**Q** 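Please see the structure below; I have some questions.
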Amino acid sequence: MKYGLIGETLKHSFSKEIHSLIADYDYKLNEIPKTDIDAFMKSKDFTAINVTIPYKQTVIPYLDEIDPFAKKIGAVNTVVNRDGKLFGFNTDFYGLKSLFSHAKIDVEDKTVAILGSGGTSKTATAVCENLNAKKIVKVSRTKSSDEISYDELYKIAPSIDVLINTTPVGMYPNTDSSPIDLTKFSNLKGVIDVVYNPVRTKLISDALSIGIKAEGGLYMLVAQAVKASEIFLNTTYQDNVLDDVFNKVIKDKENIVLTGMPSSGKSTIGKLLSKKLNKPFIDTDSLIVNKTGKSIPEIFNERGEAHFRKIEKECVYDASLNTGAIIATGGGVVLDKENVSALKRNGKIFFLDRPIERLFPTSDRPTANTEEQIKKRFFERYDIYLSTADHRIQNTGDIEKVVDDILRRV
Ligand code: S3P
């Protein structure tokens with residue numbers, strides 16, 4: 001391996017994709033079991049690598065030189081082999097620092113609470129010190145001498161200006177969890193979550209919903225990769241490279257979620273988008289049929305609408321865990337706020353607004369099998385479709401135009 005990433009499990013890593021957008025070396029993902037890491041580092045059979053969990057500390061004794069920030073943090077995520085000598089760096093530091101400036105969250109003279117006590121917590125401490133934070137409070141469940149517990153944090157919640165989550169709480173596949181209840185933090189000005197999958201964790205959506213600036217960890221991930229690539233190739237990229245790569249990654253990763261009334265065109269348009277963008281197509285109704293082995297009218301007839309909604313919710317959650325997919329939802333999905341929150345974690349919602357006179361009843365749709373049903377549901381739901389949407393797309397029948405309109409907005 002010349003360039004790449006080493007770690008124990010790398011299945012969910014975005015790094016290969018990100019590096020392919022930055023430079024043209026072949027970046028490989030190399031899973032190394034704990035028993036083999038010593039031999040790998042001693043062999044020095046690489047040009048330049050990134051290092052992830054659980055080896056960011058393990059690699060340090062093999063280095064000939066270590067960058068001062070990496071030394072201070074006690075973790076290395078980039079190693080380059082220059083003529084047989086290994087040099088170690090910590091570009092997570094630069095990544096997190098860039099994330100603060102991207103999020104426009106100011107730390108200078110502020111009191112910052114850092115959740116978690118792992119490696120990234122040390123990086124966050126170093127960044128906050130570097131940005132001249134007034135006070136840094138470290139919070140952990142297993143509190144050590146320089147940490148406080150979550151209960152103690154809640155007691156001093158009004159004194160906290162900025163909160164940083166470095167724990168894995170809220171990360172795929174447990175995206176319904178958040179490490180902390182933000183309602184107690186009356187003076188909070190910013191929230192950073194280093195988790196990048198999902199793109200917006202529950203913590204980030206909670207913060208945004210109460211008007212607090214908040215940003216997830218994807219920008220940090222891209223920024224640390226850009227910096228690592230500079231070190232790999234001993235070069236400096238222009239300032240726009242980071243934002244350009246980030247915009248491409250987010251466009252690639254975010255789901256396009258289609259909502260709207262039955263027969264508003266979600267499946268047809270979803271399939272077209274899937275072809276054009278070469279992204280997988282997921283239909284939540286099909287997930288329900290696959291899961292239950294029954295048709296939707298059968299589920300409604302045998303167990304009723306409430307049971308259908310319960311299964312629908314499970315399937316929407318599963319669909320929401322995808323990245324880079326086109327998701328067509330059943331017409332009633334937006335009625336449940338938790339469905340909407342889950343779908344927004346990795347996606348943007350496009351409401352297909354088709355005029356009522358163009359919606360037609362069909363016998364396989366229990367909630368839209370007569371004109372009266374359609375009218376009733378349309379008027380009950382229209383405001384919900386609007387208020388839950390990131391984009392409203394008019395569909396007056398020209399499918400190509402609808403697809404173009406969506407593509408323009410992504
Ligand atoms: C429903 C819409 C249907 C399907 C179910 C319930 C609804 O999906 O989920 O029959 O409540 O509007 P379509 O919108 O794809 O028809």
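Everything numeric in this text was worked out from a predicted model, so none of it was measured. Remember, it's 1-based here, ligands and their atoms both numbered in the order they're listed.
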**Q** Does D176 form a salt bridge (Lys or Arg N to Asp or Glu O under 4.0 Å) with R345? I'd like the steps, not just the answer.
**A** CA-CA 10 Å; D176 260 347; R345 273 179 213 133; 3.1 Å; yes

**Q** I need the single residue from T329, I406, T268 that forms a side-chain contact (heavy atoms from CB on, under 4.5 Å) with L258. Which is it?
**A**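 By the side-chain contact (heavy atoms from CB on, under 4.5 Å) criterion, L258 pairs with just one of T329, I406, T268: I406.
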
**Q** Between Y25 and H19, what is the ring plane arrangement, given parallel below 30°, perpendicular above 60°, and tilted in between?
**A** tilted

**Q** For R365, counting its heavy atoms only, list the atoms of ligand 1 lying under 4.0 Å from any of them.
**A** 13 (P), 16 (O)

**Q** Find all atoms of ligand 1 within a distance of less than 4.0 Å from any non-hydrogen atom belonging to P366, and give their numbers and elements.
**A**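 Every atom of ligand 1 under 4.0 Å from some heavy atom of P366: 10 (O).
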
**Q** For atom 5 (C) of ligand 1, grab the closest protein heavy atom and report residue, atom and distance to one decimal in Å.
**A**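 Nearest neighbour among protein heavy atoms for atom 5 (C) of ligand 1, to 0.1 Å: F308 CZ, 3.7 Å.
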
**Q** Does any N or O of ligand 1 fall below 3.5 Å from an N or O anywhere on G331, backbone included?
**A**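 So ligand 1 has an N or O lying under 3.5 Å from an N or O of G331.
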
**Q** Is there a nitrogen or oxygen of T367 sitting under 3.5 Å from a nitrogen or oxygen of ligand 1?
**A**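 N/O-N/O distance below 3.5 Å exists for this pair.
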
**Q** Starting from atom 9 (O) of ligand 1, what is the nearest protein heavy atom, named by residue and atom, and what distance separates them?
**A** D285 OD1, 2.7 Å

**Q** Any idea which protein heavy atom is nearest atom 14 (O) of ligand 1, and the distance to it?
**A** K266 NZ, 2.5 Å

**Q** Say whether, by atom type as modelled, one donor and one acceptor occur between the side chain of E17 and the main chain of F14 under 3.5 angstrom.
**A**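 Not confirmed, E17 side chain does not pair with F14 backbone.
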
**Q** List every atom of ligand 1 that sits less than 4.0 Å from any heavy atom of R381, numbering the atoms from 1 in the order shown and giving each element.
**A**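 Within the 4.0 Å cut-off of R381, ligand 1 contributes 7 (C), 11 (O), 12 (O).
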
**Q** Assess the side chains of N81 and T47: does a donor N or O sit below 3.5 Å from an acceptor N or O?
**A**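 Side-chain D/A pair, N81 to T47: absent.
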
**Q** Give a yes or no on whether the backbone of N187 and the side-chain of K189 come within a donor-acceptor separation of less than 3.5 Å.
**A** yes

**Q** Below 4.0 angstrom from a heavy atom of R309, which ligand 1 atoms are there? Numbered from 1 as shown, please.
**A** 7 (C), 11 (O)

**Q** Side chain of N395, backbone of L352: donor and acceptor closer than 3.5 Å?
**A** no

**Q** Taking only heavy atoms of I296, which atoms of ligand 1 are found under 4.0 Å from at least one of them?
**A** 5 (C), 10 (O)

